[in-house]
Number of protein chains: 2
Amino acid sequence: MSGYFSDNINPVTVRTSEGVADIIRREILSGNLKPDQPLLERNLAQELGVSRTPVREALFALQGEGLVELVPRKYARVRKITPKDISQIYALRLVLEAHAAESAARYADSAAILEIETTLLRQKSLPKNCSAMEQANADLAFHAAISAASGSQILKTVSNQVLGITATLRSRFKYEPAQTKLAFNQHKAILAAIKERNPELAFARMSEHIQTSTDYAKGKVVIEES
Amino acid sequence: MSGYFSDNINPVTVRTSEGVADIIRREILSGNLKPDQPLLERNLAQELGVSRTPVREALFALQGEGLVELVPRKYARVRKITPKDISQIYALRLVLEAHAAESAARYADSAAILEIETTLLRQKSLPKNCSAMEQANADLAFHAAISAASGSQILKTVSNQVLGITATLRSRFKYEPAQTKLAFNQHKAILAAIKERNPELAFARMSEHIQTSTDYAKGKVVIEES
DNA sequence: TGTGGTATACTGGTATACCAAAAGCATGAG
DNA sequence: CTCATGCTTTTGGTATACCAGTATACCACA
């Protein structure tokens with residue numbers, strides 16, 4: 001096999017175990033590392049030009065984020081998301097993010113609201129023909145901004161964790177223009193509710209939005225053969 | 001300094017990094033390791049009779065669980081929960097566990113329900129004069145059983161994670177008999193709703209229960225001076 | 001006596017060497 | 001030809017040695 005990573009990785013940036021985790025995380029989220037693919041410590045270490053130690057620590061950290069599964073005495077592998085997991089994960093997202101939106105409407109300061117607006121602008125300015133991953137990242141940024149605006153550190157952490165797991169799927173979505181447009185309008189409506197300081201409305205609109213995404217995701221995820 | 005741990009630790013059980021994590025976790029939850037207390041790798045390793053490697057891995061894992069905070073290039077320390085964090089954590093518990101109870105009412109199989117009943121029996125049979133930690137553990141077991149019964153792996157993981165953080169506080173609660181009795185009755189009512197397969201009722205009763213606990217916790221946590 | 005700089009000791013970060021267990025393969029017996 | 005068994009290779013787990021950053025204490029100098 002030719003190697004784990006895409007070729008544009010600068011080895012100089014690899015210094016710490018966090019850097020290693022960042023790279024592996026990116027490769028998982030981008031889909032370059034596929035579900036169930038074994039991550040062998042020595043191979044990763046050699047390719048990244050570091051020793052096994054920071055690689056192991058990175059894998060431990062990624063396990064905590066739910067992206068990697070550590071099979072004791074065997075190997076680490078990219079966590080596989082089964083179709084059954086998908087509904088459970090989206091159900092949890094619904095609960096977490098609706099709560100986040102509600103809290104954001106109550107507590108978000110002006111900086112946090114500005115940050116949300118920024119992610120919306122970035123999403124709007126995406127070219128029509130951009131990749132699935134770019135779309136997924138822009139969407140991700142919006143939802144991360146909402147949970148950050150909730151003012152709850154723990155909610156932000158947990159929410160991003162669950163969101164990150166879904167991201168492993170989304171780079172393989174087929175994004176249709178109609179769906180993209182709908183999602184964007186829902187995002188705008190959620191932000192409006194937050195700016196109006198209307199928690200109930202923010203809650204309801206976020207719930208509806210995630211429900212839409214859920215229905216769409218269940219139909220549109222491309223399950224690749226390995 | 002005399003050492004991190006209580007004296008009844010069997011060094012033989014310390015074999016793997018998971019074992020190390022178990023011990024440190026237990027000591028944090030029991031309150032023997034206090035918030036903000038630095039955890040120095042060499043000291044931990046020496047006391048547990050292992051090398052620094054499994055200790056570091058344990059600390060990484062515990063960071064993922066939210067029990068330990070890793071300050072790069074300085075040290076690891078027991079995560080401090082501020083009074084402000086408490087409301088945020090309990091608010092999140094409310095959302096997560098109400099969802100878990102609702103799901104449990106829908107999907108729990110008979111084995112899972114039996115497990116919940118078992119935790120209730122254990123709670124009932126606690127002696128009147130038992131320690132705060134024993135009470136906290138029994139309560140913890142009930143809530144863990146609920147999230148396990150939800151049938152959602154991710155919900156169980158996330159829920160236990162948040163629950164675990166609260167556990168660092170609860171060993172320092174003052175448990176009053178009236179409160180204990182009330183909580184037990186609420187637990188019974190939640191189980192009843194689950195057995196009736198009434199998701200809305202389970203949701204409502206769990207919400208009410210966590211709300212009660214929240215109000216109680218905010219008044220009763222003993223903030224110790226360091 | 002107070003202040004600042006330097007030296008030293010301590011701590012986490014990384015690399016490497018060694019160990020034990022698991023998996024794959026080859027070989028030989030049925 | 002097939003299957004079982006044992007050996008070899010591969011892999012994760014642990015211990016140890018070394019490196020780099022940080023804090024602190026002590027000493028020189030103002």
Side-chain angles (χ1 to χ4, degrees), chain A residues 1-5 9-25 28 33-34 36-65 67-80 226, chain B residues 1-5 9-25 28 33-34 36-65 67-80 226:
Chain A
M1 102 113 91
S2 67
Y4 285 110
F5 300 114
I9 290 176
N10 184 354
V12 182
T13 64
V14 178
R15 276 281 169 250
T16 145
S17 61
E18 286 183 19
V20 173
D22 289 342
I23 293 176
I24 300 177
R25 186 186 302 110
I28 292 177
L33 293 173
K34 297 201 185 341
D36 267 351
Q37 176 165 358
L39 302 171
L40 303 184
E41 296 174 358
R42 284 173 175 82
N43 294 5
L44 291 168
Q46 187 179 5
E47 253 196 87
L48 297 172
V50 297
S51 80
R52 284 174 58 208
T53 309
V55 171
R56 297 197 94 231
E57 294 179 351
L59 292 176
F60 266 82
L62 291 169
Q63 179 188 43
E65 297 175 25
L67 293 179
V68 158
E69 187 178 4
L70 261 51
V71 185
R73 282 275 164 200
K74 287 187 73 178
Y75 48 65
R77 63 184 172 208
V78 180
R79 180 164 166 187
K80 167 109 169 227
S226 54
Chain B
M1 99 112 106
S2 64
Y4 285 110
F5 301 114
I9 290 175
N10 184 354
V12 182
T13 64
V14 178
R15 277 279 170 256
T16 145
S17 61
E18 287 183 19
V20 172
D22 289 341
I23 293 176
I24 299 178
R25 186 186 302 109
I28 291 177
L33 292 174
K34 298 201 184 341
D36 268 350
Q37 177 166 357
L39 302 172
L40 304 185
E41 297 174 0
R42 283 173 174 84
N43 294 3
L44 291 168
Q46 186 178 4
E47 254 195 84
L48 296 172
V50 297
S51 80
R52 283 174 58 208
T53 309
V55 171
R56 296 197 94 230
E57 293 179 351
L59 292 175
F60 265 82
L62 291 169
Q63 179 188 40
E65 296 175 26
L67 294 179
V68 158
E69 187 178 4
L70 262 50
V71 185
R73 284 275 166 202
K74 290 187 72 178
Y75 46 67
R77 63 184 172 207
V78 180
R79 180 165 163 186
K80 169 113 171 221
S226 54

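Numbered from 1 within each chain, the chains take letters A, B, ... in sequence-line order.
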So which protein N/O to nucleotides 6-11 of chain C N/O distances come out below 3.5 Å?
residue	atom	partner	partner atom	Å
C:dT11	O3'	B:Lys74	O	3.3

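If you measure from atom CZ of A:Arg52 to atom P of C:dA17, you get 12 Å, rounded to the nearest angstrom. If you take CD of B:Glu18 and C1' of D:dG12, they are 13 Å apart, rounded to a whole angstrom.
Applying the salt bridge (charged side-chain N to carboxylate O under 4.0 Å, His left out) test to B:Glu57 and every residue at least two apart in sequence or in another chain returns A:Arg56. Remark: A:Gln63 engages no residue in a side chain to side chain donor-acceptor pair (under 3.5 Å) (not counting sequence neighbours). Evaluation of the side chain to side chain contact (heavy atoms under 4.5 Å, CB included) rule for B:Ala61 yields A:Phe60 as partners, not counting sequence neighbours. A:Lys80 pairs by the salt bridge (charged side-chain N to carboxylate O under 4.0 Å, His left out) definition with A:Asp36, not counting sequence neighbours. For A:Arg25, the salt bridge (charged side-chain N to carboxylate O under 4.0 Å, His left out) partners two or more places apart in sequence, or in a different chain, are A:Asp22, A:Glu65.
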